[in-house]
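All residue numbers refer to positions in the sequence shown, counting from 1.
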Amino acid sequence: MSDVSTSATNNAAAAPKIEKAGPKLAVGYAFGEIGCQMSWYMINNYLTLFYRDIVGLSASAISLIMLIARVWDAINDPMMGTIADRTNTRWGRFRPYLFFAPPFLAIFNILTFTVWPMEGTTKVVVCLLCYIGTGMAYTAASIAYQALQNVVAIDSKVRMLLATSRNVGSSIIGIILSATAAPLLLKLSHPGVEAADAQGYFRFAIIMAVIMMIPFWICGAICKEKYTEHLHSNKGKTEKLGFLASLREIAKNDQLLMVVLATFLGAICVSGRMGLLTFYIIYVVGDFMHIATFFTVMTVAQLIGSLLLPWGTSKFTKKGYLIILQMLMNIGFLAMFLLPNAGIPVLLGISFVCGLCNSASGICYGLVGDSLEYGDWKLGRRQEGVAASMLSFGVKIATAVCGAAGILLLDAVGYVPNAEQTEAARQGINAVVNLIPFVIGVLSLVPMIWYKLTPEKVEEIRTDLENGKRAYDR
């Protein structure tokens, strides 16, 4: 017992009492998110449109592809988290994946936006396999990147600052892509077309894939796993768990599960809506080129919202500020639904508010870090990779639901590809894009009722862990 106490004391002494995140670390961590967004931007915002209008897949085929690929992608997340947690190299547990996964991701990104010279079931299967490959490569890089936050910093506020820098990186690259993607897609297409064609999508995918690898490598080079050994030397339980055992163990972390559930519902509002927003802009607002305007306004607003995260979470706590942002976003969705004919300036103003509130995603990653500390304190085991994968699992299950249901809902309301939409179809698109996310956004607030990790509680838990104490020791 004395050896354990001495080890705990030494570990506590090794950890800094006051930790600060330097600009280099914050910028380096932001680069990882830039890589993630460059990979997933086209998937999230254009793939459904690409499949329907360019590849010519039916709504049922697209729904099936989205459901199978994204459900498998979500299931694959905890698997990857378990693998990462069991990885031990001289570069750390998570950094190696930032170096080796991006080239594979680049290849599959290009294949996903390729129009294959096939028909029928064969074409559907090839599209599905390419999309699954993209998802698996993305999972390897993104899960490692998310988990990295919890071993490059140990202080809750510093981790929140890293989550903020992640959001800032997401907003900056989002602004760039929102302003340039649609024009470049047209520029790279055949001359004279009014909307991007197959050539435009393929060429743009190649450019994005090549550039995307660099930010991942910069992040891996800068973000060293400073606290991996320190945090895991304090573990109360040292036996390694298999995949299913890891899931059973982490399912006991009730606070993490509340964050995952809230994130799942929130992701339906944001990611699911963004995946269909191009249909709203093209067929309800009425112009392909307005995509750049709306997306740019939203991403500029998200950048501003991200810069406000340290102030907001300090002023209202992480939980409180998350609730405030989600409520404002819900109001924005309802306003977009009720005022479809208000004019471009009004719709852009509402979109600005929604974009500002999109910064709430950064808070979720901060909550995961606190939930990880709580899980270590309650259960005596740290699983950064699995914990990070649970949040990603929630997001991807949400996108699976949206991807499968969204295109079917559009068909149900009368959407016809590459045609002038009827008034009933335009109203239906409006409801799918705005009203349904509003309802689910309200529901996303419910899990936060049971989230109890206040700043004071997190500090108490961190102090106990540094002193080698856990809940089951009391």
Side chains of [X] and [Y]: donor-acceptor distance under 3.5 Å anywhere?
X: Arg70; Y: Tyr131; answer: yes
X: Thr164; Y: Ser306; answer: no
X: Thr278; Y: Asn45; answer: no
X: Ser359; Y: Asn167; answer: no
X: Tyr138; Y: Asn109; answer: no

Which heavy atom of [X] sits nearest a heavy atom of [Y], and at what distance?
X: Asn434; Y: Asn430; value: ND2-OD1, 2.7 Å
X: Ile65; Y: Cys127; value: CD1-CB, 3.9 Å
X: Met38; Y: Pro215; value: SD-CG, 4.4 Å
X: Cys269; Y: Pro437; value: SG-O, 3.2 Å
X: Phe216; Y: Leu98; value: CB-O, 3.7 Å
X: Asp73; Y: Gly135; value: OD1-O, 3.0 Å

Query raised in the report: Would you call the rings of Tyr41 and Phe295 parallel, tilted or perpendicular, where under 30° means parallel and over 60° means perpendicular?
Result: perpendicular
Query raised in the report: Does Phe202 have its ring centroid less than 6.0 Å away from the ring centroid of Phe113?
Result: no
Test your reading of the model: is there a side-chain donor-acceptor pair from [X] to the backbone of [Y], 3.5 Å cut-off?
X: Gln37; Y: Gly174; result: no
X: Thr134; Y: Phe108; result: yes
X: Thr313; Y: Leu309; result: yes
X: Tyr145; Y: Cys36; result: no
X: Arg95; Y: Cys223; result: yes
X: Ser63; Y: Ser60; result: no
X: Arg273; Y: Val433; result: yes
X: Ser444; Y: Gly266; result: no
X: Lys319; Y: Met448; result: yes
X: Lys378; Y: Glu373; result: no

How long is the gap from [atom1] on [X] to [atom2] on [Y], to the nearest 0.5 Å?
X: Asp376; Y: Asn253; atom1: CG; atom2: CG; result: 10.0 Å
X: Gln427; Y: Phe337; atom1: CD; atom2: CZ; result: 8.5 Å
X: Ile43; Y: Phe50; atom1: CD1; atom2: CZ; result: 9.5 Å
X: Met329; Y: Leu334; atom1: CE; atom2: CG; result: 14.0 Å
X: Glu459; Y: Leu453; atom1: CD; atom2: CG; result: 13.0 Å

Report task. Could you walk me through whether Phe316 and Trp311 pass the ring pair (Phe, Tyr, Trp, His ring centres under 6.0 Å) test, one step at a time? Result -> CA-CA 8 Å; Phe316 303 105; Trp311 168 81; 5.7 Å; yes
Query raised in the report: So with a 6.0 Å cut-off around CZ of Phe31, is the heavy-atom count from everything else above 12?
Result: no
Report task. Determine whether more than 12 heavy atoms belonging to other residues, nucleotides or ligands lie under 6.0 Å from atom CZ of Phe99. Result -> yes
Requested in this report: Assess whether salt bridge (charged side-chain N to carboxylate O under 4.0 Å, His left out) is satisfied between Lys457 and Asp370, documenting all intermediate values.
Outcome: CA-CA 10 Å; Lys457 183 63 176 178; Asp370 292 344; over 6 Å; no
Report task. State whether Arg426 and Glu423 are salt-bridged, where the test is any N-O pair (Lys NZ or Arg NE/NH1/NH2 against Asp/Glu carboxylate O) under 4.0 Å. Result -> yes
Report task. Answer yes or no: is there an ion pair linking Arg93 with Glu225, defined by an N-O contact shorter than 4.0 Å? Result -> no
Query raised in the report: Is there a side-chain contact (heavy atoms from CB on, under 4.5 Å) between Tyr29 and Gln149 once you walk through the steps?
Result: CA-CA 8 Å; Tyr29 193 70; Gln149 174 184 316; 3.1 Å; yes
Report task. Show your reasoning for whether side-chain contact (heavy atoms from CB on, under 4.5 Å) applies to Gln302 and Ser170. Result -> CA-CA 9 Å; Gln302 184 175 344; Ser170 174; 3.8 Å; yes
